[in-house]
Amino acid sequence: MTPLTWRIRDRTFTLGTRPLVMGVVNVTPDSFSDGGKWLDPSAAVAHALRLAELGADILDIGGESTRPGADPVPLDEELRRVVPVVTEVAKRTSVAISVDTMKAEVAREALAAGAHIINDVAGFRDPAMIAAAAESGAGVVAMHMPGVPATMNLNPQYADVVAEVTAYLAERLQKLTESGIPHEAVCLDPGIGFGKRNAHSLELLANLGAVAALGRPVCLGVSRKGFIGKLCDRDAPADRDPGSLAVACFAAARGQAHVLRVHDVKGARDAAILLDAIDRHRR
Ligand code: HH2
C-alpha cells in the first residue's frame, strides 16, 4: 500500500506507521489546560523551542482558546499574540509550524511569518480561510465543530455521530479540493470534545476508521480533554497525560490517527517511535 503523504508548502510528510507529533503552544490567558503559562511571547517561544527539542514534528501555535464556552478573541489581539511568536519560532527552528486559528487574517500573517499549516477548528467555513490556504500552498487541518465554541457543548445532538462527522469531513475535503487546495495538502480531524458529549467522543474514537477511510491523514486531539478527566477521575487537566497517551496510541496503532496533537510531546514522541518499531516487526 502506498503510504499517505501530507504536503505543507515546500515540505512533504510521509505518514507510514510512525505518527507525527504536533505539540500544542497556547499563547492564551484562558486555555483549558495551560492558560496563561505561555502568554508572554518570550515564554511561548521558549516553550515551542523546548517542544521542538523534545521531538515535536509540528508546533501548533494558537492565540484563541476554543474550549467549550470560550469567548472569541478580537482580531488585533489574536494577531498580537500569535504573529511575533510564529516569527521568532520560525527563525530559530526548522520544525514545521501550524497556526491554530479561525481567522483568515491571522492565518495569512502567520504564513507570511513562516508557518506551514493552517489548523482551523471551524473546518474552513470562511471562504477567506480557503483562499489563504490555496494561495500559499499551506497544509490544512480541517476539523469538525458544530457551531462555535461559546455554545457548541450546550446540547449536542446526533442521530449517528460517526456517520455525521464523516459526511461533514468528506464534504469539506471535496470543497477544499474544488477550491484549489491540493488533495495532498488536506488533513482531517473529527474534533474530539467539540460539540460532543463524552459518549460521542468515545463512539468516534471506537470507529475512527470511517474518517481514516476518506483517504487523508487524520489529526487527533484528545490531549487532556474532558472525557479523559471524567472517565479516569482526573480533575486537573495536567494529570490527564497518561490517559491521553493511551487513547492516542489506541488510534495510531490501528492506523486511524496520523498526527497526534498533544501537550505532552515527550510521551507522544516515545510512543510514536515504539509504535513504529513494533509495526516494523509485523508479519
Ligand atoms: N483541540 C483544541 C484546540 N485546537 N485543533 C485540532 N485540529 N484538533 C483538536 O482537537 C484541537 C485543536 C483544544 O485544546 P487546547 O488548545 O489545549 O485548548 P484551548 O482551546 O482551551 O486553547
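Position 1 is the first residue of the sequence; numbering continues from there. Order of listing sets the numbers, starting from 1, for every ligand and every atom in it.
Considering backbone and side-chain N/O of D189, one or more are found under 3.5 Å from N/O of ligand 1. Polar contact with ligand 1: present for S65 (N/O pair, distance under 3.5 Å). Residue contacts with ligand 1: D34 is placed with no nitrogen or oxygen under 3.5 Å of a nitrogen or oxygen of the ligand (distance criterion only). Where the criterion is an N or O separation shorter than 3.5 Å, residue side chain and backbone included, F194 fails it with respect to ligand 1. Distances between N or O atoms of D30 and those of ligand 1 include no value under 3.5 Å. Any N or O atom pair closer than 3.5 Å counts here, and D100 shares at least one such pair with ligand 1.
The ring-ring contact (aromatic ring centres under 6.0 Å, His included) contacts involving residues 160-197 comprise H144-Y168, where partners must be two or more places apart or lie in separate chains. Residue pairs meeting the ring-ring contact (aromatic ring centres under 6.0 Å, His included) criterion with at least one partner in residues 43-67, sequence neighbours excluded, are W38-H47.
At a heavy-atom distance under 4.0 Å, no atom of L220 approaches ligand 1. At a 4.0 Å heavy-atom cut-off, ligand 1 touches M143 through the side chain alone. Residue R261 touches ligand 1 through its side chain alone, judged by heavy-atom distances below 4.0 Å. Residue T66 touches ligand 1 through backbone and side chain together, judged by heavy-atom distances below 4.0 Å. Residue-level proximity to ligand 1 for T28 is absent, since no heavy atom of it falls below 4.0 angstrom.
Using a 4.5 Å heavy-atom threshold, the side chains of H116 and R11 count as touching.
Taking a cut-off of under 4.0 Å to the non-hydrogen atoms of F32, the atoms of ligand 1 that pass are 14 (O), 15 (P), 17 (O), 18 (O), 21 (O). Taking every heavy atom of N119 and a limit of under 4.0 angstrom, the matching atoms of ligand 1 come to 5 (N), 6 (C), 7 (N). Those atoms of ligand 1 with a heavy atom of V121 less than 4.0 angstrom away are 4 (N), 5 (N), 12 (C). Shown in contact with R67 at under 4.0 Å from a heavy atom are these atoms of ligand 1, numbered in order with element: 20 (O), 21 (O). In the vicinity of V141, heavy-atom distances shorter than 4.0 Å reach the ligand 1 atoms 7 (N).
For atom 22 (O) of ligand 1, the closest heavy atom belonging to the protein is S31 OG, 2.4 Å. For atom 17 (O) of ligand 1, the nearest non-hydrogen atom of the protein is H263 NE2, 2.7 Å. Looking at atom 10 (O) of ligand 1, its nearest protein heavy atom turns out to be K225 NZ, 2.7 Å.
A donor atom on one side chain and an acceptor atom on the other are not found under 3.5 Å apart for R81 and N26. Using modelled atom types, one finds no donor on one side chain facing an acceptor on the other under 3.5 Å when comparing S98 with N119. For the residue pair T101 and E78, a side-chain donor N or O sits within less than 3.5 Å of a side-chain acceptor on the partner.
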**Message:** Could you walk me through whether E88 and K91 satisfy the salt bridge (charged side-chain N to carboxylate O under 4.0 Å, His left out) test, starting with their C-alpha distance in whole Å, then the side-chain angles of each, then the deciding distance to 0.1 Å, before giving a yes or no?
**Reply:** CA-CA 5 Å; E88 193 59 21; K91 273 191 212 148; 3.8 Å; yes
**Request:** Run the numbers on R18 and D57 for salt bridge (charged side-chain N to carboxylate O under 4.0 Å, His left out), then give the verdict.
**Result:** CA-CA 11 Å; R18 183 189 168 303; D57 300 290; 3.4 Å; yes
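The CD1 atom of I58 sits 7.5 Å away from the SG atom of C219 when rounded to the nearest 0.5 Å. Atom-to-atom distance recorded for K103:NZ and D120:CG is 10.5 Å, nearest 0.5 angstrom.
Placement of L51 and V27 within a single hydrophobic cluster is found when ILVMFWY residues are connected by side-chain heavy-atom separations under 4.5 Å, directly or transitively.
Screening V141, I97, D60 for a side-chain contact (heavy atoms from CB on, under 4.5 Å) involving I117 leaves a single residue, V141.
Contact analysis leaves R224 out of contact with ligand 1, as no non-hydrogen atom separation drops below 4.0 angstrom.
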